[in-house]
Structure formats: C-alpha cells, structure tokens
Amino acid sequence: MSDPRDWNTEVITEFRANEGRVGGPFEGAPVVLVHHRGRRTGRELVSPMMYLPDEHEPDLIYVFASKAGAPTNPDWYYNLTTAGEATIERGTETYPVTVTEVTGAQRDRLFAEQARRYPGFAGYAEKTRGIRTIPVLALRHA
C-alpha cells in the first residue's frame, strides 16, 4: 500500500493547481484542505477532506472523520478537536475556522446526507459499526 502522505501530497498539489478542484475518487465532490497542528509534534499539517456544505449558512461546512472505515479515528480529528480552530483552503479562498463536534440527531442527519450523496461513506459506517461512530465536525468561518 502506498504512503497516505504521498497520496495527500498529490491531492493537495492538484487542488491548488485547479482552483480547488480535484479528480480521481474526489471527482466532482467538494474538497477542502484543512491546515492543523499536530497536537504532540506541533508540526503544521494539511489534510484534504470531502465536505458537506451547510444548507443555510455559506460559512459553515462539515467534515467526516471516516478514515475510510478504519477502526480508529484519523489523527487530524484529535488535532482539530484539541485546538478548536484551524485554517482551511476552500476553492481559491483561505480563511480561519472554528471547530466543533456535531453530535446526536444532528450528527446522524448530516452523516446520512453525506452517505446519500457519496455512498462510500455508508460503506465506511458499515465497516465501523460496533467499533466507533464516525465523528462529524463543523468548521465555521471565524
């Protein structure tokens, strides 16, 4: 299996070269680059993520800590929830965001909508059933 950092680097390069659009498995999907700091290392990291725009607030998006259905949450989830803030690149804009976790019925509704739009997310939820609930984070323009 190839190193995920190499794959992320390719997605990040393509995103920046094409005004926020990428191909491959992300073709046609909304993608954001999230800048965060490693909570243990302090290193600045950038993670590409699919997102779901809020239906009513243009400055609010949701990201899903699916880790492709792995049994553990991605490291970026812990970095973001610990910091409570980040910077994102969305399209050609870069701006700071606040980070909050979405829970309960709202989380379930948002995840179901993401899975309806992108069925791979339903597969991720099936892989994690009984192990963990895939977290949903709200990123709001600060």
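Note that these values count all heavy atoms, side chains included, but never hydrogens, waters or copies made by symmetry. Owing to the predicted nature of the structure, the values given are computational and were not obtained by experimental measurement.
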(Q) If you apply the rule side-chain contact (heavy atoms from CB on, under 4.5 Å), what do you find for Ile134 with Arg132, and how did you get there? (A) CA-CA 6 Å; Ile134 295 172; Arg132 70 180 179 101; 4.1 Å; yes
Minimal non-hydrogen separation, [X] against [Y], with atom names:
| X | Y | value |
| --- | --- | --- |
| Ala122 | Ala115 | N-CB, 3.8 Å |
| Phe15 | Val31 | CE1-O, 3.2 Å |
| Pro53 | Ile61 | CA-CG2, 4.2 Å |
| Met50 | Ala29 | CE-CB, 3.5 Å |
| Glu27 | Gly23 | OE1-CA, 3.2 Å |
| Ala138 | Leu60 | CB-CD1, 3.9 Å |

Give the cluster check for [X] versus [Y]: same hydrophobic cluster or not, with ILVMFWY residues linked at side-chain heavy-atom distances below 4.5 Å.
| X | Y | value |
| --- | --- | --- |
| Phe64 | Leu33 | yes |
| Tyr118 | Trp7 | yes |
| Tyr62 | Phe26 | yes |
| Tyr78 | Met49 | yes |

Q: Could you list the residues that satisfy side-chain hydrogen bond (donor to acceptor under 3.5 Å, both in side chains) with Arg117, not counting sequence neighbours?
A: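 Only Glu113 meet the side-chain hydrogen bond (donor to acceptor under 3.5 Å, both in side chains) criterion with Arg117.
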Q.
Among residues at least two apart in sequence or on other chains, which ones pass side-chain hydrogen bond (donor to acceptor under 3.5 Å, both in side chains) with Glu14?
A.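 Expected list: none.
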Between side-chain atoms of residues 96-106 and protein atoms elsewhere (two or more places apart, or another chain), which donor-acceptor pairs fall under 3.5 Å?
from	atom 1	to	atom 2	distance (Å)
Glu101	OE1	Tyr77	OH	2.7
Glu101	OE2	Tyr77	OH	3.2

**Q.** Glu44 atom CD: more than 12 heavy-atom contacts under 6.0 Å
**A.**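 Count over threshold, so yes.
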Q. Ignoring hydrogens and geometry, is there a side-chain-to-backbone donor-acceptor pair from Thr82 to Asn79 under 3.5 Å?
A.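 Answer holds: no.
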Q) Does any N or O in the side chain of Arg90 come within less than 3.5 Å of the main-chain N or O of Pro30, such that one atom is a donor and the other an acceptor? A)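 A pair under 3.5 Å: no.
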Distance, nearest 0.5 Å, that separates [atom1] of [X] from [atom2] of [Y]:
| X | Y | atom1 | atom2 | answer |
| --- | --- | --- | --- | --- |
| Leu139 | Leu80 | CG | CG | 7.0 Å |
| Gln114 | Phe121 | CD | CZ | 4.5 Å |
| Glu126 | Thr128 | CD | OG1 | 8.5 Å |
| Asn73 | Asp75 | CG | CG | 9.5 Å |
| Tyr124 | Phe111 | OH | CZ | 9.5 Å |
| Lys67 | Trp76 | NZ | CH2 | 11.0 Å |

Q | Non-neighbouring partners of His35 that pass ring pair (Phe, Tyr, Trp, His ring centres under 6.0 Å), sequence neighbours left out | A |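 Partners of His35 under the ring pair (Phe, Tyr, Trp, His ring centres under 6.0 Å) test: none.
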Q: With sequence neighbours excluded, tell me which residues meet salt bridge (charged side-chain N to carboxylate O under 4.0 Å, His left out) with Arg140.
A: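 By the salt bridge (charged side-chain N to carboxylate O under 4.0 Å, His left out) rule, Arg140 matches Glu57.
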Q) Can you name the residues that form a salt bridge (charged side-chain N to carboxylate O under 4.0 Å, His left out) with Arg16, not counting sequence neighbours? A)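 Scan of Arg16 (salt bridge (charged side-chain N to carboxylate O under 4.0 Å, His left out), adjacent residues dropped) gives Glu89.
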Q) Between Tyr95 and Ile88, is any pair of side-chain heavy atoms under 4.5 Å apart? A)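 Tyr95 reaches Ile88 side chain to side chain.
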Q.
For Thr87 and Thr94: C-alpha separation, side-chain torsions, deciding distance, then whether side-chain contact (heavy atoms from CB on, under 4.5 Å) applies.
A. CA-CA 7 Å; Thr87 300; Thr94 301; 3.6 Å; yes
